[in-house]
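Encoded as structure tokens, the structure appears first; notes follow it.
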Amino acid sequence: MTSARTITAPPVAPDRPATFRDVFAVAEFRVIFASYGVFLIGETVKMLALSVLVYERTGSGLVAALAYVTGFLPHAFGGVFLLALADRWPPRAVIVGYELVRLALVAVLAVGVLPPAGMLGLVFVVGLFGPVSSAARTALLPEILHGDAYVLGRSLLTVASGGTQVVGFAVGGLLLGVVGPYGALWLTAATCALSALLVRAGLRARPGRNRSAPARPDGTGPTGPARTGAVRETWRGNRELLADRRIRGLLLAQWLPGSMLVGAEAVAVPYAAGLGPGASAGVLLMAGAFGMLVGDLVVGRFVPPAARERLSPWLALLLGVPVLGFLFRPGLVVAALLFAVAAAGFAYQLGLARRFLDAVPESRRGQAFGLTSTGLMTAQGLAAAGGGAVTEVTGPAVAMALAGVASLAATGALWRVLTPEPSPDRPD
């Protein structure tokens with residue numbers, strides 16, 4: 001493995017986009033990228049195996065569905081109660097520690113000693129620390145990648161997220177057929193160990209960003225601000241971030257326009273079912289994933305930084321406009337094209353990355369990135385539930401179009417936030 005001593009990206013001219021070579025030249029980014037991909041593949045296989053295992057033992061489709069979403073639900077709770085740990089603890093220790101805890105969890109599941117309720121409960125508890133690890137990983141990027149290399153690095157992690165989850169589904173389905181759910185869980189344990197090893201060997205040790213001192217009995221700190229409990233500190237940090245008008249606007253801009261599109265994706269199955277026996281919702285969802293990956297790659301790699309920020313509101317419009325076409329109930333091919341074009345608009349978030357990083361205090365950086373992820377997952381869940389509810393009244397085609405209207409309304413309301421302010425020290 002290449003030494004992790006080279007920890008920063010080479011200088012990138014501010015008026016040109018960074019290249020893949022610029023980003024992957026940094027050894028620590030290669031470690032983060034590889035370990036994140038291994039983590040996502042293992043996590044996807046784990047949730048598939050757990051869902052199958054629970055269904056085999058209970059025979060309940062509802063419980064099997066709960067087993068699958070149990071891996072995601074803790075993110076909302078962890079984001080509310082524990083995010084302060086992402087800045088308080090050393091980031092390498094946070095990431096490695098979470099991988100080792102996941103390793104222990106998967107080993108317990110693979111042994112098969114717990115009843116289904118115990119399995120779901122254990123997965124939920126361990127998952128509470130998932131947002132902390134994710135926030136610690138994301139907050140490392142601006143420390144090892146500078147300027148536009150940071151934005152491209154964020155884009156590459158998004159690409160890795162979509163691509164490796166697709167690989168995870170394919171690998172998971174194959175493993176379940178060959179070695180069964182218990183065997184798939186043991187192989188997932190190997191991915192946990194590999195990810196932990198990569199991070200431990202490839203990232204250098206760094207202290208926590210928010211190194212507040214332990215509190216005395218009277219509540220004061222001997223050398224600085226007193227350290228409070230993680231829950232109280234998380235609540236206080238979230239309140240401080242949301243109280244800042246600039247940060248609050250950028251958070252809403254990252255949460256709302258894209259999340260509304262998820263309301264359309266959530267009803268892809270009933271829409272495809274209405275097209276006839278040859279139609280598949282999987283085609284629509286894969287088209288959306290492909291469009292998002294292409295949009296991130298093109299905008300992140302080939303659009304200059306200043307132009308990328310100016311394009312943000314227009315790319316956000318792209319999320320909502322294509323899905324208005326579902327009012328005309330297009331066939332599968334046209335519907336897939338509409339999904340792909342709309343999902344390419346997710347690249348609007350790349351134009352907000354630098355501005356958000358500049359707005360957030362360094363001592364709260366991990367918590368800010370964690371709050372972004374938590375709010376995004378919550379907004380997407382609510383949008384998906386809303387899309388399903390509207391479908392019961394209007395049908396899937398109208399519900400999809402209404403999701404586009406909601407996205408356009410959010411973009412319009414946040415237009416001033418999405419549009420960068422002119423800055424004399426940045427090239428136009």
Side-chain angles (χ1 to χ4, degrees), residues 4 6-12 14 18 23 26 28-29 31-32 36 78-79 82-95 131-155 157 199 203-214 221 223-230 232-254 305 309 349-376 417 420-421 423 425-426:
T6 304
I7 60 171
T8 58
V12 176
V23 175
V26 183
E28 287 192 299
F29 178 77
V31 171
I32 290 176
Y36 186 53
L82 299 174
L83 273 180
L85 298 176
D87 291 313
R88 178 180 295 182
W89 291 346
R92 187 179 71 175
V94 169
I95 300 171
V132 179
S133 175
S134 177
R137 178 186 293 107
T138 306
L140 276 176
L141 287 184
E143 297 183 18
I144 64 176
L145 299 174
H146 301 310
D148 196 54
Y150 160 70
V151 179
L152 183 57
R154 286 286 303 271
S155 171
L157 288 187
V199 173
L203 296 184
R204 71 179 179 89
R206 293 174 173 85
R209 281 172 292 273
N210 189 4
R211 300 185 296 274
S212 54
T223 60
R227 176 181 295 173
T228 59
R232 182 179 298 178
E233 180 67 17
T234 299
W235 283 21
R236 185 176 71 180
N238 287 346
R239 286 197 305 269
E240 290 177 357
L241 291 169
L242 292 171
D244 186 299
R245 182 177 180 180
R246 184 185 179 194
I247 295 175
R248 183 173 66 248
L250 290 170
L251 283 170
L252 291 172
Q254 293 175 88
E309 295 185 8
Q349 295 185 343
L350 296 179
L352 303 177
R354 180 200 62 84
R355 296 168 57 200
F356 186 68
L357 179 65
D358 291 345
V360 172
E362 183 178 355
S363 62
R364 297 284 188 192
R365 186 177 287 168
Q367 184 162 354
F369 285 128
L371 184 60
T372 302
S373 177
T374 296
L376 191 61
V417 178
E421 298 179 359
S423 177
D425 61 346
R426 287 187 61 79

Any donor-acceptor pair under 3.5 Å from Ser155 side chain to Val151 backbone: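 Checked: no pair found.
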Qualifying residues under side-chain contact (heavy atoms from CB on, under 4.5 Å), relative to Thr234, sequence neighbours excluded: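 So Thr234 forms a side-chain contact (heavy atoms from CB on, under 4.5 Å) with Leu83, Ala84, Asn238, Gln367.
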Which value, rounded to the nearest 0.5 Å, describes the distance between [X] atom [atom1] and [Y] atom [atom2]?
X      : Y      : atom1 : atom2 : value
Ile95  : Ile32  : CD1   : CD1   : 6.5 Å
Leu357 : Thr138 : CG    : OG1   : 11.5 Å
Arg246 : Arg355 : CZ    : CZ    : 7.0 Å
Leu157 : Phe29  : CG    : CZ    : 5.0 Å
Thr372 : Ile247 : OG1   : CD1   : 9.5 Å
Trp89  : Ser133 : CH2   : OG    : 11.5 Å

Search all heavy atoms of [X] against all heavy atoms of [Y] and return the closest pair with its distance.
X      : Y      : answer
Pro142 : Phe369 : CG-CE1, 4.5 Å
Asp148 : Ala18  : OD2-N, 2.6 Å
Gly366 : Ala135 : O-CB, 3.1 Å
Ala253 : Val417 : CB-CG1, 4.0 Å

Residue pairs involving residues 362-375 (criterion salt bridge (Lys or Arg N to Asp or Glu O under 4.0 Å); sequence neighbours excluded):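 Checked against salt bridge (Lys or Arg N to Asp or Glu O under 4.0 Å) - neighbours excluded - the pairs reaching residues 362-375 are Glu233-Arg364, Glu240-Arg364.
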Residues which pass side-chain hydrogen bond (donor to acceptor under 3.5 Å, both in side chains) with Arg154, listed by chain and number, not counting sequence neighbours: Tyr150
